[in-house]
Amino acid sequence: MSKQQPHEFISPVWRDGIFKGRVAFVTGGAGDICSAQTRALVYLGADACIIGRNVEKTEAAAIDIAKVRKGARVIGIGNVDVRNFETLKKAADRCVAELGSIDFVIAGAAGNFVSPLAGLSPNAFKTVIDIDTLGTFNTMKATIDHLVESAAAHVSPNPENSPPGGRFLAVSATFHYTGLPLQAHLSAAKAGVDSIVNSVALEYGPRGVMANVIAPGPIEGTEGMERLASADAVKEERESAAKMRLRPGIRGGSPGIPSGRWGTVRDIADATVFLFSAAADNVNGHVLVVDGGAWRRQGGSLGVGLDPGMQYPNFLLSGDVVFNVK
Ligand code: HXC
């Protein structure tokens, strides 16, 4: 990603420096989606602290993201599990000590695997709830005072049109709107994520903190989607797109998605930039679905149909656990 030109990872509509002097704190920041979100913020002037479990992966991602802008300060803090409030709080304190503030937060750490109910132990269910839902709560609790401070210091919009502060964003999903086979755990976890954010939006809105959610649809090129690509129905869809001389990501390349294309990490980065920009100053307690209209057409699926008349991918039918996004 670091070799990409700016227009490849962010829309050219954004103005340089709109996040200058602001600091983003991002859990799951080494993952495909969250690193793209962070890269966009850093490109537009922010500094960032990315948090992850794996030390090497997190530190390498920080170095890579920092390359996007000369002088960018990006810290990678590994060995932090969002399930553990204390380690997260320490990471937030370190971020403020080294970078000066926390103005934007992305709660992006997530855990998932495909499993039928029969194969889902209580601990497996709890594990995903703990990473996604408790993790979002912990992230919010560890950073909320900094966000209140930031919101008070950077009231937006202001006459100087300087960057805003005090923005919280959780990365959710669309699966729980309809339910999805083999995803009872993730559906429950993401419903919890949306609910926490909506409640906190009401509680902290009067203090200037805007809390929102982005719900990505199927995103091409991510680790999760790459694993899913081995599912037969996904393969077939890609092959049929190739026959049409189209490729995923190009409009028309994915007939199952109303917009006609797979989602990209850039889509999510652009939506994030909007929600953290001064343009979204009064957007609070909102779930921004970025999926090309996919869930309205076919439920919160993975870009393949869930209608009775449509073909299910093997991983949804087999009853076997066929992938574990680790
Ligand atoms: C059934 C499973 C399982 C599987 C683990 N478990 N994998 N059960 N099917 N495939 C069970 C274990 O048996 C255990 O229960 C419990 O879950 C905890 O497992 P651990 O391996 O000890 O957990 P841990 O090491 O904490 O790892 C958490 C994880 C792992 C969720 C299992 O996959 C992970 O860390 N993932 C992080 C990255 C990730 O998943 N990213 C994807 C996000 S995508 P027992 O009862 O045996 O003790 C996303 C949006 C959806 O969230 C996008 C769709 C592609």
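In each ligand, atom 1 is the first atom listed, and ligand 1 is the first ligand listed. Here the structure is a predicted model, which means the values were calculated and not measured. Numbering of residues begins at 1 and proceeds along the displayed sequence.
Ring pair F104/F19 is perpendicular by interplanar angle, where above 60° counts as perpendicular and below 30° as parallel.
Screening residues 120-157 for ring pair (Phe, Tyr, Trp, His ring centres under 6.0 Å), with sequence neighbours left out, gives no hits.
Heavy atoms of A173 come nearer than 4.0 angstrom to ligand 1 in no pair at all. Heavy-atom separations between I131 and ligand 1 include at least one value shorter than 4.0 Å.
Within a 6.0 Å sphere centred on CD of E56, other residues, nucleotides and ligands contribute 12 heavy atoms or fewer.
Residue nearest to atom 4 (C) of ligand 1, selected from F113, F175, F125: F113 (by heavy-atom distance). Here the shortest heavy-atom distance to atom 43 (C) of ligand 1, taken over A110, G28, G52, belongs to A110.
Panel note: side chain D130, backbone G135; no donor-acceptor pair is recorded below 3.5 Å.
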Run D291 and T174 through side-chain hydrogen bond (donor to acceptor under 3.5 Å, both in side chains) and show every step you take.
CA-CA 9 Å; D291 74 341; T174 57; 4.8 Å; no
Test T222 against D32 for side-chain hydrogen bond (donor to acceptor under 3.5 Å, both in side chains), laying out the working first.
CA-CA 6 Å; T222 59; D32 292 312; 4.9 Å; no
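Contacts of L186 with ligand 1, taken as heavy-atom pairs under 4.0 Å, involve the side chain alone. Looking at T127 against ligand 1, only its side chain comes within 4.0 Å, counting heavy atoms. Here S115 has side-chain heavy atoms under 4.0 Å from ligand 1, and that is the only part of it that gets that close.
Less than 4.0 angstrom separates some heavy atom of S121 from each of these atoms of ligand 1: 15 (O), 45 (P), 46 (O). Ligand-side atoms of ligand 1 in range of A124: 8 (N), 11 (C), 15 (O), 16 (C), 17 (O), range being under 4.0 angstrom from any heavy atom.
D132 and H185 form no side-chain donor-acceptor contact under 3.5 Å, judged by distance and modelled atom types alone.
When only interatomic distances are considered, the shortest N/O to N/O separation between R83 and ligand 1 falls below 3.5 Å. An N or O contact shorter than 3.5 Å links R53 to ligand 1 by distance. Taking distance alone, with nitrogen or oxygen atoms compared against 3.5 Å, D132 stays at or beyond that limit from ligand 1.
In plain terms, the two heavy atoms of I51 and T58 that are nearest each other are C-CG2, 4.1 Å.
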